[in-house]
Amino acid sequence: MNKKADALRITPRSESHPDWYQDVVREGQLAEAAEIVKGAMVIKPHGYAVWEKIQGELDRRFKATGHKNAYFPLLIPESFLKKEAEHVEGFSPELAVVTVAGGQELEEKYVIRPTSETVIGHFFAQWIQSWRDLPLLINQWANVVRWELRPRLFLRTTEFLWQEGHTAHASHEEAKEEVLRMLDVYADFAEDFMAMPVIRGEKTASEKFAGAVTTFCIEAMMQDGKALQAGTSHDLGQNFGKAFNVRFQNEQGELDYVWQTSWGVSTRLIGGLVMTHSDDNGLVLPPKLAPIHAVIVPFFRKNADENARVREAGAELARALEAEGLTVKFDDRDGAPGPKFFENERLGVPLRFGLGPRDLVERQLEFKRRDQSEKRSIPLDGAAKFAKEALADMQQELFRRALARREANTVRVDDYDDFLDLMKSERDSESKFVFAHWDGTPETEAKVKAETKATIRCIPLPGQGFEAEPGTCMVTKKPSAQRVIWAKSY
RNA sequence: CGGGGUGUAGCUCAGUUUGGCUAGAGCGCUUGGUUCGGGAUCAAGAGGUCGUAGGUUCAAAUCCUAUCACCCCGACCA
């Protein structure tokens, strides 16, 4: 390894997971810390392209389930936040507040939205009169600000991008269906597009959204075994309906408060993507979210005619790949192929083709998949079809590996001493999900958190291989209806 | 908010203890040549009000005072 390679080194994951993460994000050209504001980040073009892929697919799914996009104000009167007691209590510590505008001290301060339940409640109250106005199904793509004491790129930044769905329904039953429907949309998206297996579950009281009746979530395991909350869906009951007087007349002519939901995923997903698939060579992107599917690297020599033929063959291959629906980069910049290989690997480009004079003679080309270590030769004819199949295979393979890793790192524990030993003995790079019984009290949860830093990530929903079985709490030995997922988390 | 640290070239940093010539290195960048099948090489070159403000001094990146910002570790969180 020469000086250049040394300077561009990515810290091996086994050495330091946090350093590895930072290096992969930087070298993958996803984002960088905007050091002008604490905790702010610049999402760079390649990172934003991934976000656009995420947005595009989710937006399609939201619309397919009947939602419409809208946009609400960034600034919210402070009094709005205070209308829902639990909500304001939960968010107060992380609010950024505008006190001066137009050169004058404001009569009433504005908070920069940390989320939009309150401002949307205000408008829903104006838009909804009758049961015929329901359900009202709205989504907003927006930025929000939550002042963070300890930021990390994508995972926790002061300002982040997200979508927030907000719906109003005539019955609690219908609202609950919506909450689980959107949770399933998230789970399916995470597994099918991000190739990131998730566990759908319910949050405990201490982890639920401030102002919600119930919070559901999808939780994923990162490569260091820690949990990442990748999306949430809330049953808001009538809490905000009452706070903002969102009432409707039902079919019997009686006035009632609407039943609301809200649900969101954010740019945090990109952090999850990185920590699920990437390796010591940099970013690995699942094909369905890769802005570039394939890169073609030409091998040039001295002979100008020969180079012209290589260039032509490369362009032709690019056209063939594009005809199969792939996004292709023909990397014919000056310079040796080696640095191009490394750069494209770090960008997470799933497929790479190498093409030189030798290949043209033999009607073949060099092929390498980002998730495999060996390169191989394949016939030039039919390369585009081959590529398309390779992408589909890689998408599945990434999911399969991530799922296998999660299963290998999920353990059942019945005895609290065993739990303590496990949490103490694990190194930072090899944490685990622990499936264990809990007596259902916040006190027990708090005790475990204080002693081990592990929390209940969720109470898993049925149908995911974590079926309910009664038992006794690992800490207090009191009765427990089912096991829950314990883990350290981001 | 508590503890620790850092601000010098685009990046990573040396120089500060003990003040002293024109402020340095590696990488990156620009131009030209030879190269090109896994991080090439040679030559020439561009790039700095040393975080900011004030003070001490013949002289300040270096000493003093104030101030700002960011990073790391903890408590809070999508």
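Per chain, numbering begins at 1; letters A, B, ... match sequence-line order. For the numbers below, each heavy atom of this structure counts, side chains included, while hydrogens, waters and symmetry mates do not.
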Which is true for [X] with a 4.0 Å heavy-atom rule: it touches a base, it touches only sugar-phosphate, or it touches nothing?
X: A/Asp334; result: nothing
X: A/Gly264; result: nothing
X: A/Glu306; result: nothing
X: A/Lys203; result: nothing
X: A/Pro298; result: nothing

Exercise. If you measure only the distance, is there a donor-acceptor pair under 3.5 Å linking the side chains of A/Thr11 and A/Asp23?
Worked result: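 Side chains of A/Thr11 and A/Asp23: pair found under 3.5 Å.
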
Exercise. Only one of A/Val274, A/Leu273, A/Leu30 clears side chain to side chain contact (heavy atoms under 4.5 Å, CB included) with A/Phe154; which?
Worked result: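 Going through the options one by one, the only one that passes is A/Leu30.
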
Would you indicate which nucleotide in [options] comes nearest to any side-chain atom of [X]?
X: A/Glu366; options: B/G37, B/C72, B/G39; result: B/G37
X: A/Lys302; options: B/U35, B/G38, B/G39; result: B/U35
X: A/Pro151; options: B/A40, B/G38, B/C71; result: B/C71

For this session: Indicate, yes or no, whether a donor-acceptor pair under 3.5 Å links the base of B/G38 to the side chain of A/Glu343.
Result: no

Problem set entry | Electrostatic pair A/Glu345:A/Arg370 at N-O distance under 4.0 angstrom |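 Not counted as a salt bridge, because no side-chain N and carboxylate O are separated by less than 4.0 Å.
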
For this session: May I ask you to decide whether A/Arg13 forms a salt bridge with A/Asp279, counting only side-chain N to carboxylate O separations under 4.0 Å?
Result: no

G-U wobble or Watson-Crick pairing nucleotide for [N] (cut-off 3.5 Å, both distances):
N: B/G45; result: B/C29
N: B/U16; result: none
N: B/A61; result: none
N: B/C21; result: none
N: B/C36; result: none
N: B/G2; result: B/C73

Problem set entry | NZ or CZ of A/Lys82 within 45° of A/Phe80 ring axis and under 6.0 Å |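 Because its charged atom misses either the 6.0 Å distance or the 45° angle limit, A/Lys82 does not stack over A/Phe80.
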
Problem set entry | Cation-pi, A/Phe341 ring and A/Arg352 (6.0 angstrom, 45 degrees) |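 The answer is yes, since A/Arg352 meets both limits relative to A/Phe341.
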
For this session: May I ask you to evaluate whether A/Lys340 reaches the phosphate of B/G39, defined as a side-chain N or O under 4.0 Å from OP1 or OP2?
Result: no

For this session: Would you give a per-nucleotide map of nucleotides 73-78 of chain B, 5' to 3', where B means the base has a protein non-hydrogen atom under 4.0 Å away, S means only the sugar-phosphate does, and - means neither?
Result: SSBBBB

